There are 2 protein chains.
Amino acid sequence: MNHVEFFKALSNKTRLQILNLLKEPEKHFPPQEKGAYDAGVCVGHIQQKVGLTQSTISEYLSLLQRTGLITATRVGQWTYYKRNEEAFQKLAEIIQKEL
Amino acid sequence: MNHVEFFKALSNKTRLQILNLLKEPEKHFPPQEKGAYDAGVCVGHIQQKVGLTQSTISEYLSLLQRTGLITATRVGQWTYYKRNEEAFQKLAEIIQKEL
DNA sequence: CAAAGATATCGATAATTCTCGATATGTAAA
DNA sequence: TTTACATATCGAGAATTATCGATATCTTTG
């Protein structure tokens with residue numbers, strides 16, 4: 001992927017907020033069954049927290065996923081999203097070495 | 001500064017190209033007097049290399065400077081721009097720790 | 001299979017960004 | 001101080017992005 005796409009994905013207040021919320025799910029979202037956020041957080045919970053429309057949040061999550069910054073796991077009718085820390089690490093390296 | 005501004009600055013192919021060109025000035029620009037690029041590269045040389053309008057390049061350089069990613073030094077009628085490596089380092093850290 | 005809930009996609013409008021040409025400003029040399 | 005060059009700023013149109021409401025799709029349950 002072209003680097004520009006990474007930065008475009010990060011060029012939005014709301015998307016940065018989402019990434020930040022996903023950093024510590026226990027801290028920001030209602031508890032899951034079995035208390036584990038292994039698969040991530042579902043769209044609805046993120047939407048409630050952020051406050052924008054469901055469609056906007058869904059699009060943003062999808063965009064972030066396309067860049068690889070988060071991953072999606074469909075479980076039943078829910079899609080759980082969580083951060084892909086490796087991608088952040090890689091991005092930090094890009095900035096240090098390639099930019 | 002808000003992190004979004006960093007990423008906005010980097011969300012453009014041309015601006016990334018400029019930053020990249022400034023990484024190794026000797027490699028991309030005509031030699032300076034005394035062969036040193038200490039102060040950076042002047043707007044005109046960058047403009048010729050990139051190919052967009054003078055006004056566009058000037059604006060982009062000014063924008064990048066506002067974010068702190070490059071610095072400007074006026075010498076006579078020339079403004080020399082060069083990378084601020086510290087800012088890139090800091091940005092890499094932001095991605096690792098704060099994002 | 002019909003209904004309900006969760007998410008995804010579509011179409012539209014407003015806001016922002018990209019890029020340009022024209023012009024203004026700043027600086028050095030004649 | 002006039003001229004010429006280098007850079008900066010302004011105003012505008014085209015392209016892209018942000019965000020919404022409406023609707024479509026997918027999944028579970030009755």
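Below, chains carry the letters A, B, ... as their sequence lines are ordered, and counting in each starts from 1. Quick caveat: nothing in here was measured; it's all calculated off a predicted structure.
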For residues 83-92 of chain A, please give each side-chain donor-acceptor pair under 3.5 Å, one per line with the distance, not counting sequence neighbours.
{"from": "A:Arg83", "atom 1": "NE", "to": "A:Glu85", "atom 2": "OE2", "distance (Å)": "2.7"}
{"from": "A:Arg83", "atom 1": "NH1", "to": "A:Leu19", "atom 2": "O", "distance (Å)": "3.0"}
{"from": "A:Arg83", "atom 1": "NH1", "to": "B:Leu99", "atom 2": "O", "distance (Å)": "3.0"}
{"from": "A:Arg83", "atom 1": "NH2", "to": "A:Glu85", "atom 2": "OE1", "distance (Å)": "3.2"}
{"from": "A:Arg83", "atom 1": "NH2", "to": "B:Leu99", "atom 2": "O", "distance (Å)": "3.3"}
{"from": "A:Asn84", "atom 1": "OD1", "to": "A:Glu86", "atom 2": "N", "distance (Å)": "3.4"}
{"from": "A:Asn84", "atom 1": "ND2", "to": "A:Gly68", "atom 2": "O", "distance (Å)": "3.1"}
{"from": "A:Gln89", "atom 1": "NE2", "to": "B:Gln96", "atom 2": "OE1", "distance (Å)": "3.2"}

Pair up each side-chain donor or acceptor in residues 36-50 of chain B with any protein partner under 3.5 Å, not counting sequence neighbours, and list the distances.
{"from": "B:Tyr37", "atom 1": "OH", "to": "B:Phe29", "atom 2": "O", "distance (Å)": "3.1"}
{"from": "B:Tyr37", "atom 1": "OH", "to": "B:Pro30", "atom 2": "O", "distance (Å)": "3.1"}
{"from": "B:Gln47", "atom 1": "NE2", "to": "B:Leu52", "atom 2": "O", "distance (Å)": "2.8"}

Next item on the list: Encode nucleotides 11-24 of chain C as B, S and - characters from 5' to 3', where the letter depends on protein heavy atoms closer than 4.0 Å: B to the base, S only to sugar-phosphate, - to neither.
Entry: ------SSBBBB--
Check: For every nucleotide of nucleotides 24-30 of chain D, 5' to 3': is a protein heavy atom under 4.0 Å from its base (B), only from its sugar-phosphate (S), or from neither (-)?
Finding: ---BS--
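Taking atom CD1 on A:Ile46 and atom P on C:dA6, their separation rounds to 14 Å, with Å as the unit. Rounded to an integer number of Å, the gap from CD of A:Gln47 to C1' of D:dT19 is 13 Å. One can place OH of B:Tyr80 at 12 Å from C1' of D:dT7, the figure rounded to the nearest angstrom. The CD1-C1' distance, from B:Ile18 to D:dT7, rounds to 14 Å in whole Å. One atom, CG of A:Leu10, and another, P of D:dA18, lie 12 Å apart when rounded to the nearest Å.
Once rounded to the nearest 0.5 Å, the distance linking OG1 of A:Thr56 with CZ of A:Arg15 reads 10.5 Å.
Proximity of A:Phe7 to A:Ile95: side-chain heavy atoms (C-beta onward) are separated by under 4.5 Å at one or more points.
Of all non-hydrogen atoms in A:Ile18 and A:Ile57, the two that sit nearest each other are CD1-CD1, 4.4 Å.
Of the side-chain N and O atoms in A:Tyr81, none sit less than 4.0 angstrom from OP1 or OP2 of C:dA6.
Here B:Thr79 lies in heavy-atom contact (under 4.0 Å) with sugar-phosphate atoms only.
Listed by chain and residue number, nothing satisfies the side-chain hydrogen bond (donor to acceptor under 3.5 Å, both in side chains) test with A:Glu26 (two or more places apart in sequence, or in another chain). B:Lys8 meets the side chain to side chain contact (heavy atoms under 4.5 Å, CB included) test with A:Ser11, B:Val4, B:Glu5; sequence neighbours excluded.
Cluster membership check: A:Leu22 shares its hydrophobic cluster with B:Ile94, using side-chain heavy-atom separations under 4.5 Å among Ile, Leu, Val, Met, Phe, Trp and Tyr.
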